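Remember, it's a predicted structure, so these values are computed and weren't measured experimentally. Throughout, protein chains are lettered first and strands after them, A, B, ... in sequence-line order, and every chain is numbered starting at 1. Computed from heavy atoms alone, side chains included, the values below leave out hydrogens, waters and symmetry copies.
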Amino acid sequence: MQKRIALKVNGRPVQIEIDIRESLLDVLRDRLQFTGVKQGCSVGECGACTVLIDGVPVNSCIYLAAWADGKSVTTVEGIAQDGRLSPVQEAFVEEGAIQCGFCTPGLVLSTTALVESGKRFTHDEVRRELSGHLCRCTGYQKIIDAAERALREAEAASE
Amino acid sequence: MFDICELHEPGTLEEAKAILAENPGLKVIAGGTDVLIRLQHGSLAGAGLLSLKNLHALEEIVMLGDGTISVGAMAPFTTIFQSGLIRRHVPVLCEAAVSMGGPQVRNVATIGGNICNGAVSADSASTLFALDALLKLETSTDERIIPMGDFYAGPGKVNLRPGELLTAVLIPREGYEGMGGHYIKYAMRKAMDIATLGVAVVCKVREDRFVDLRIGLGVAAPVPIRCFEAEAYAKGKEVTPEVVQEIARLAVKPAKARTSWRASKDYREHLIEVLAQRAVAEAVKRGGGCCAD
Ligand SMILES: Cc1cc2nc3c(=O)[nH]c(=O)nc-3n(C[C@H](O)[C@H](O)[C@H](O)COP(=O)(O)OP(=O)(O)OC[C@H]3O[C@@H](n4cnc5c(N)ncnc54)[C@H](O)[C@@H]3O)c2cc1C
Ligand code: FES
Ligand code: FES
């Protein structure tokens, strides 16, 4: 069964005929070539496929593509502006929070959602809010450092 | 790709009930964090889905005229965790909500799906059971409201009649008012893990005596259970470390713990006693008492 959906991906309107059996991950990666959306476990455990749907982090592997109709989706490709890394991306680079990079797109998106919420987070809350991502390389410390740096800098910039 | 043959996406509850009445074989999908995993694993193959995703009215969390707190079946756990109303009146439900899955899962997983999935490990179940919550179930022609305890029929089995949808979880005023509560989820990891044991306690303490105490346990038997003997024992008793210990000892009684790869029977029973004691002590502090430990 086909369904025509209209959504925004990284701010650009997209109309596409999807198969109702497809996940949002399938459509973003295989049809629209947003390969920054990574496929890890396919069952909601690893967070590699995280995208923002109307600003909210969601595992795209367990989200029907049909549900994205009318939504605004952000992938990691939409984070840099005019060829410049976002402050969150800069923080990941500065803190050395990236090794193989497979988990990075998801973590950058979750961290971006935290920054854009404008809220303050304690150390434990940052750890909790990033707990839906697995990283096989870094041991997490530098990722948490990067997220806290990005949050600190955003707060300083808003004052 | 998910092995499904059709997808219905009604925009209103009335429409959803009508579609389900005509096609009782459809599989209901809410957040999909159980259904899509099962499809991914090859069960439910060939299913037709009825998606409740567009029923935004079922995401509402409100207090009704009589003080009942109504949590819409489609409310995601993040919404529950962030709800000012829940935080003010039923903070123990916030605790349970934020203990489940990880952020991305909580952003889509609904409380209705958690209950209807029937898993004994469902993190909201033991807490809602301890709160004396009621479930509102609707078909295109009928509506019934039943206690949580009547809903669970066995491991992974719930008493949903053909054509029936869970529309709201109702927490009556007597269930939460003046009660302190605490939920302890015991698991191997602090996040993204299924409970080895879940202990939910709510209690009211006045002048150092238990006025009311309710204990819900998850993963202690094939379905979530209440510890009625421990609850009855507590009523009217002075809050002392000995009484709390006896409550915890009695809490083990209704358990039908079994050995699985997660934990042995003996270990589970030990956990129930130790964690019930801790949860009661903390709930007492939050419920107006001070000298439980
Ligand atoms: C990575 C991961 C981690 C998880 N961790 C936890 C955890 O820590 N604790 C926990 O408790 N669960 C956990 N879960 C399981 C799952 O997320 C929850 O059970 C969740 O609440 C299910 O809600 P849903 O809206 O996604 O349900 P769905 O998958 O959409 O539906 C679940 C079941 O309920 C039925 N259903 C849903 N809504 C209704 C309704 N309104 N009326 C009638 N029937 C309905 C469906 O037909 C289906 O049988 C996890 C899942 C994943 C993928
Ligand atoms: S690929 Fe989606 S969570 Fe792992
Ligand atoms: S950097 Fe390799 S998985 Fe995280």
statement: Distance col, row B/Glu138:CD vs B/Leu58:CG, nearest 0.5 angstrom, shows 8.0 Å
query: Does B/Phe151 have any ring pair (Phe, Tyr, Trp, His ring centres under 6.0 Å) partners at least two apart in sequence or in another chain, and if so, which?
result: none
field: Which atoms of B/Leu39 approach chain A - backbone, side chain, both or neither, heavy atom under 4.5 Å
entry: neither
query: Once you round to the nearest 0.5 Å, how far does CG of A/Leu28 lie from SG of A/Cys61?
result: 12.0 Å
message: With rounding to the nearest 0.5 angstrom, report the CG to OG distance, B/Leu93 to B/Ser124.
response: 7.5 Å
Kindly provide each donor-acceptor pair between chain B and chain A shorter than 3.5 Å, listing atom names and distance.
| unit_1 | atom_1 | unit_2 | atom_2 | d |
| --- | --- | --- | --- | --- |
| B/Phe2 | N | A/Arg21 | O | 2.8 |
| B/Glu9 | OE1 | A/Lys3 | NZ | 2.6 |
| B/Gln40 | NE2 | A/Ser42 | O | 3.1 |
| B/Ser51 | OG | A/Trp67 | NE1 | 3.0 |
| B/Gln104 | NE2 | A/Thr50 | OG1 | 2.9 |
| B/Gln104 | NE2 | A/Gly132 | O | 3.2 |
| B/Gln104 | NE2 | A/His133 | NE2 | 3.1 |
| B/Asn107 | ND2 | A/Pro57 | O | 2.8 |

field: B/Arg286 with B/Glu282: basic N within carboxylate O range, under 4.0 Å
entry: yes
field: Atom group of A/Leu64 that falls short of 4.5 Å from chain B, counting heavy atoms
entry: both
- line: Closest heavy-atom pair, B/Tyr152 versus B/Gly118, reported as atoms and distance to 0.1 Å, is CE2-CA, 3.8 Å
- request: Check the side chains of B/Ser260 and B/Arg268 for a donor-acceptor pair under 3.5 angstrom, ignoring hydrogens and angles.
  value: yes
